[in-house]
Amino acid sequence: MSDNKFIIGSEEWCAFPALGVPAIKARVDSGARTSSIHAVNIRPFKREGEPWVSFELHPIQNSRKIILRCESKVIDRRNIKSSNGESEKRYVIASVIQLGGHAWEVELTLTNRDSMGYRMLLGREAMSNKTLVDPSESFCLGEQNDVEVEQLYGVKTAKKSGLKIGLLASNPDLYSNRRIIEAGEQRGHEMVFLNIKQCYLKLDASEPEVHYRGGRILNDLDAVIPRIRPSMTFYGCALTRHFESLNIMALNTSDAITRSRDKLFSLQLLQKNNLDIPTSGFANSPVDTKDLIDMVGGAPLIVKLLEGTQGKGVVLAETTKAAESVINAFKSLHVNLLVQEFIKEAQGKDLRCFVIDGKVVASIERTAAPGEFRANIHQGGSASIVSVSAAEKQLALKAAKTMGLRVAGVDIIRSSRGPLLLEINSSPGLEGIESATGIDIAGAMIESIEKKLGWKAE
Ligand SMILES: Nc1ncnc2c1ncn2[C@@H]1O[C@H](COP(=O)(O)OP(=O)(O)OP(=O)(O)O)[C@@H](O)[C@H]1O
Ligand SMILES: [Mg+2]
Ligand SMILES: [Mg+2]
């Protein structure tokens, strides 16, 4: 039976002549049914009435130095479950694989394998009747070193190019947005400012697209940085989600942004994960106002609108009477509000920790203007450098992780019972914190994209 089968190891070098790929290292995995190959910026198109795709392939593991654009006829679209259990609809192509001296046609699904070690996975369907696997061996059909592989690509090597990164925002003149564009360009990338309102979406099972006013198609971006203002949350998150469905990386995902924009939901998520927050209460009916006030320890207390920013919806009620009338007044206007214990001992100060990729990259202390308890810069607060304790750092990191944010501005208030989380921002401003600390935070944000996409400067 196995007479004409040949043995392969757990990794092998393959080639796909029709795709213009002279060498790609594959992980051999008989536990996987289908084979897949790394593909980004996948663009479906029609050729002589038939469905085709063009895609970019970075054939070298953990590197984007070499980029090939490949084209192939599409033979199917299929739901594939990846190793992390998530299902994804993928294009399927057929191509002749060369392995050692052997060649035969295999099916490949196209997917972004940036987060995987290998740019290609050889599954059992492609092996059947051809090969036997010896998992204890590697490169049974010959090894190739980096230099040889790069030489093979020599002629085809695209000139070293940066990434193409879209900034999804509203105002290009804002300090934070200017800095992000500048930092990306400084690091050698092509930065595109995209006004969220001018993007529109094509929802289609086989050809999803994002268009920009005037008709330009934005499917060729490598990554997007969503900087969605609160009033644009719904549309901005839908747009970010659409980019994600095109396999374009979002620095913060639409899910995480949506989650963090709901203050009540965020607090629930934080307390569920045992992270300390000020005791807070939420009720539907004014009938419960009195008890709600008692529940958080009575006046003085804080009343927060669920949809406030820059400190605008945060009120300090000094007495029980004042608290009752403020709460009932808001209730009669049908706005959702949160009642919260007042952390008096913070004396109008709070901390902002800027978290990127599981690290606190910068922290400042904000101090409220005289006579004010809100430390927001927009309320006249001032920023200064501060050293934060290990416990405070831990709290900030856990909070960002709980919310699923790769980039987060975590606000912490120092109470007599330790640091408490106030809120977590998915589009934290850069001006106050960069000027107080002198740290290149915009650069660190771009670096996070580079890392995630395996891009390295020459
Ligand atoms: N429970 C509290 N006790 C004492 N001070 C508080 C409390 N909650 C908020 N503050 C103060 O009020 C400020 C604004 O509150 P918070 O951050 O919750 O509101 P915001 O409107 O969402 O602001 P942002 O612009 O940061 O999103 C805080 O930075 C802090 O200084
Ligand atoms: Mg806020
Ligand atoms: Mg705040």
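We count ligands from 1, going down the list as the structure has it; atoms in each ligand are counted the same way. Residues take their numbers from the sequence shown, with the count starting at 1.
Polar contact check, Glu341 against ligand 1: a nitrogen or oxygen pair lies under 3.5 Å apart. Ligand 1 has an N or O atom lying under 3.5 Å from an N or O atom of Ile343, backbone or side chain. An N or O contact shorter than 3.5 Å links Gln340 to ligand 1 by distance. Below 3.5 Å of separation, one finds no N or O of Gly348 facing any N or O of ligand 1.
Sorted by first and then second residue, the pairs that involve residues 169-181 and meet side-chain hydrogen bond (donor to acceptor under 3.5 Å, both in side chains), not counting sequence neighbours, are Tyr175-Glu434, Arg179-Glu182, Arg179-Glu434, Arg179-Asp440.
Considering all non-hydrogen atoms of both residues, Ala299 and Thr320 come closest at CB-N, 3.3 Å.
Partner of Ser54 under the side chain to side chain donor-acceptor pair (under 3.5 Å) criterion, out of Glu71, Arg43, Arg69: Arg69 alone. His38 pairs in a side chain to side chain donor-acceptor pair (under 3.5 Å) with only one of the listed residues (Glu56, Arg113, His58), which is His58.
Looking only at its N/O/S atoms, Asp411 has OD2 as the one nearest to the Mg ion (ligand 3). Of all the N, O or S atoms in Glu423, the one closest to the Mg ion (ligand 3) is OE2.
Counting heavy atoms from C-beta on, the side chains of Leu420 and Ile277 never come closer than 4.5 Å. No side-chain heavy atom of Leu264 sits under 4.5 Å from any side-chain heavy atom of Asn336. Residues Ser36 and Ile80 fail the side-chain proximity criterion, which asks for heavy atoms closer than 4.5 Å.
The closest approach between Lys263 and ligand 1 falls below 4.0 Å for a heavy atom of the residue.
Within the 4.0 Å heavy-atom criterion, the part of Glu423 lying near ligand 1 is the side chain and not the backbone.
The Mg ion (ligand 3) has no N, O or S atom of Asp350 under 2.8 Å away, backbone or side chain.
Classified by interplanar angle (parallel below 30°, tilted 30° to 60°, perpendicular above 60°), the ring pair Phe373/Phe342 is perpendicular.
Taken to the nearest 0.5 Å, the CZ atom of Arg90 stands 13.0 Å off from the CG atom of Asp76. Between the CD atom in Glu185 and the CD1 atom in Ile165 there is a gap of 10.5 Å [rounded to 0.5 Å].
For ligand 1, the atoms lying closer than 4.0 Å to a non-hydrogen atom of Ile413 are 3 (N), 4 (C), 5 (N), 6 (C). Listed by number with element, the atoms of ligand 1 under 4.0 angstrom from any heavy atom of Asn376 are 13 (C), 14 (C), 23 (O), 24 (P), 25 (O), 26 (O), 28 (C), 29 (O). Within the listing of ligand 1, atoms 3 (N), 4 (C) sit less than 4.0 angstrom from a heavy atom of Phe342. Below 4.0 Å from some heavy atom of Asn425 lie the following atoms of ligand 1, by number and element: 27 (O). Which parts of ligand 1 touch Asp411 is read off a 4.0 Å heavy-atom cut-off, strictly below it: atoms 26 (O).
The option with the heavy atom closest to atom 2 (C) of ligand 1, from among Ile302, Thr279, Leu306, is Ile302.
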